[in-house]
Novice: 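So that we are looking at the same thing, I have put the structure below in structure tokens.
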Amino acid sequence: MATATLARQIGRAITKATNSTGPGNGWFSPHMAAASRAIAERIPLVDLVLEVRDARIPLSSAYDQLRNYTSSSKRIIVMNKMDLANHSQLKDWMKYFEQKNYISYGVNAHNKESIQQLLNFLQARVRELKKVDHSSHTATILLVGIPNVGKSALANSLHRIGRISAAEKGKLKHATVSPQPGETKNITGLKIASHPNIYVLDTPGVLPPHILDDEVCTKLALTGTIQDCFAGEKELAQCFLSILNRSDEYKKWAKLSNSENERSFADRNIECSTSSEMGMKRKRQYPTDHTQDFVVHDVRRTLFEVISSFDGNVEDERLIEEEFKATHAAFQVPLESEHYAENKIAAKLLNLFRTGRLGHYILDSIPRKL
């Protein structure tokens with residue numbers, strides 16, 4: 001099944017699910033509607049607007065309320081989660097935004113050096129703006145974006161690094177951070193710099209009430225912006241595998257297939273017998289934890305071997321079925337019902353994809369020039 005076809009099917013399923021739940025029960029909840037109004041009121045009042053996007057979907061994660069925002073000097077597109085994106089493609093996207101006269105910046109909210117560089121960049125931008133309007137008042141920066149692009153993590157990191165740089169004392173404030181979309185409920189102010197004083201306003205993630213593009217819906221669901229329950233974990237995992245199968249990411253795991261690098265679970269059990277009691281307990285826990293390096297190693301090797309040996313079109317849905325069956329052993333999923341096993345495998349595959357353990361991707365294509 002072609003990736004585009006699968007994406008459209010998932011997108012239609014999401015649209016149907018959200019429409020059938022009734023007003024206020026889909027992704028556009030009452031608190032999201034209220035947040036949308038509060039953000040719209042603040043946009044004209046702040047010095048800078050940081051539109052935080054997911055670097056894996058630079059277009060699909062655009063913030064709808066800024067569609068008609070014309071002040072390019074006050075708007076900065078911050079592509080967060082750059083560590084999860086394909087680096088060469090991300091550079092192409094930066095060039096694309098530059099050609100469109102947008103200021104863009106790539107960042108990893110969990111990397112201290114990356115945050116320090118962003119902070120320096122923001123301080124320089126604020127100083128330039130102050131020279132223009134000849135003011136010395138406190139500067140405010142509004143962080144806006146759709147859910148789960150990392151706004152709160154970014155705000156917390158800027159606050160923490162900014163306080164250290166300014167050698168300020170006192171208790172740190174924190175914006176709520178969660179892997180689940182929609183956790184931020186209120187607008188929170190955090191100080192990130194002195195001389196001049198700069199505050200960031202962290203805001204709740206807001207999606208438009210309706211998304212008409214099925215493929216955009218699918219990309220938002222794949223990256224965790226739309227909750228998995230609207231699309232189904234198995235369907236999303238299948239979509240991810242179809243993307244993997246058509247990419248070059250799996251080819252990077254070829255060396256893992258060499259027999260000299262392979263280590264079976266039996267080998268590890270033997271190693272456990274020679275370890276300390278604490279080490280044995282720790283290693284016995286490993287097979288059930290799909291985030292452990294050796295489990296990820298086995299999953300990568302398994303996927304490479306299944307894709308490489310498949311005799312047919314990589315977009316054939318039979319390949320995805322084979323990948324599900326093959327990764328059952330690699331993930332050490334208990335032999336229970338087939339439905340249970342498939343859902344467990346799907347959840348683990350999605351987690352490894354979303355954390356960058358199964359390759360780095362950008363799911364959007366740069367628009368062609370008309």
Side-chain angles (χ1 to χ4, degrees), residues 39 43 48-67 69 71-125 141-158 161 175 177 179 181 184 192 200-208 213 215-216 218-226 243 247 249 353-356 359-367:
I39 292 169
I43 287 177
L48 287 174
V49 176
L50 261 59
E51 181 190 357
V52 185
R53 300 189 185 184
D54 188 321
R56 296 168 296 178
I57 46 173
L59 273 190
S60 297
S61 59
Y63 188 63
D64 193 64
Q65 279 188 265
L66 293 181
R67 187 178 301 276
Y69 187 67
S71 180
S72 60
S73 63
K74 290 180 61 176
R75 176 187 182 185
I76 300 173
I77 297 174
V78 176
M79 288 187 282
N80 192 24
K81 305 186 181 184
M82 62 179 292
D83 54 308
L84 304 180
N86 181 289
H87 292 170
S88 62
Q89 292 180 36
L90 186 58
K91 290 180 181 178
D92 293 336
W93 273 101
M94 301 285 277
K95 293 178 182 176
Y96 167 78
F97 286 126
E98 184 179 359
Q99 291 170 357
K100 301 287 287 184
N101 293 321
Y102 290 133
I103 302 170
S104 64
Y105 200 96
V107 69
N108 173 6
H110 301 288
N111 182 279
K112 180 179 178 180
E113 182 180 351
S114 180
I115 290 296
Q116 183 64 67
Q117 291 173 353
L118 175 61
L119 182 59
N120 295 341
F121 172 76
L122 293 176
Q123 287 178 298
R125 291 293 304 170
I141 299 175
L142 189 67
L143 266 62
V144 300
I146 63 174
N148 214 32
V149 291
K151 294 184 302 300
S152 295
L154 187 61
N156 286 336
S157 295
L158 285 168
I161 299 300
V177 177
T184 302
I192 65 170
V200 293
L201 303 178
D202 180 37
T203 64
V206 175
L207 282 167
D213 191 316
E215 291 193 29
V216 169
T218 301
K219 293 170 187 176
L220 293 174
L222 274 171
T223 52
T225 291
I226 296 174
I243 292 169
S247 74
E249 289 295 303
F353 157 65
R354 288 169 176 167
T355 53
H360 300 84
Y361 306 86
I362 290 186
L363 307 182
D364 285 333
S365 299
I366 295 177

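Just so it is clear, the values below take in all heavy atoms, side chains as well, and ignore hydrogens, waters and symmetry mates. Given the structure is predicted, the values throughout are model-derived calculations rather than measurements.
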Novice: Out of curiosity, S88 OG to I362 CD1, how far, rounded to the nearest 0.5 Å?
Specialist: 8.0 Å
Novice: Is there a side-chain contact between D83 and H110, using heavy atoms and a 4.5 Å cut-off?
Specialist: no
Novice: Looking at D92, L363, I77, D364, which one forms a side-chain contact (heavy atoms from CB on, under 4.5 Å) with P58?
Specialist: D364
Novice: Quick one: CD1 on I192 to CG on L122, what's the gap to the nearest 0.5 Å?
Specialist: 5.5 Å
Novice: What are the two closest heavy atoms between F353 and R56, and how far apart are they?
Specialist: O-NH1, 4.4 Å
Novice: How far apart are the C-alpha atoms of L222 and I243, what are their side-chain angles, what is the distance that settles it, and do they pass the side-chain contact (heavy atoms from CB on, under 4.5 Å) test?
Specialist: CA-CA 11 Å; L222 274 171; I243 292 169; 3.8 Å; yes
Novice: Quick one: OG1 on T223 to CD1 on I57, what's the gap to the nearest 0.5 Å?
Specialist: 3.5 Å
Novice: Nearest 0.5 Å please: distance from the OH atom of Y105 over to the CG atom of L50.
Specialist: 11.0 Å
Novice: Go through K151 and L154 one step at a time and tell me if the side-chain contact (heavy atoms from CB on, under 4.5 Å) criterion holds.
Specialist: CA-CA 5 Å; K151 294 184 302 300; L154 187 61; 5.7 Å; no
Novice: Determine the minimum heavy-atom distance between H360 and A85, stating which atoms define it.
Specialist: CB-O, 3.5 Å
Novice: At what distance, to the nearest 0.5 angstrom, does OG1 of T355 lie from NZ of K81?
Specialist: 11.0 Å
Novice: With a 4.5 Å cut-off on side-chain heavy atoms, are V144 and Q65 touching?
Specialist: no
Novice: Once side chain to side chain contact (heavy atoms under 4.5 Å, CB included) is applied, do any residues pair with Q123, and if so which ones, sequence neighbours excluded?
Specialist: L119, N120, R127, A193, I198
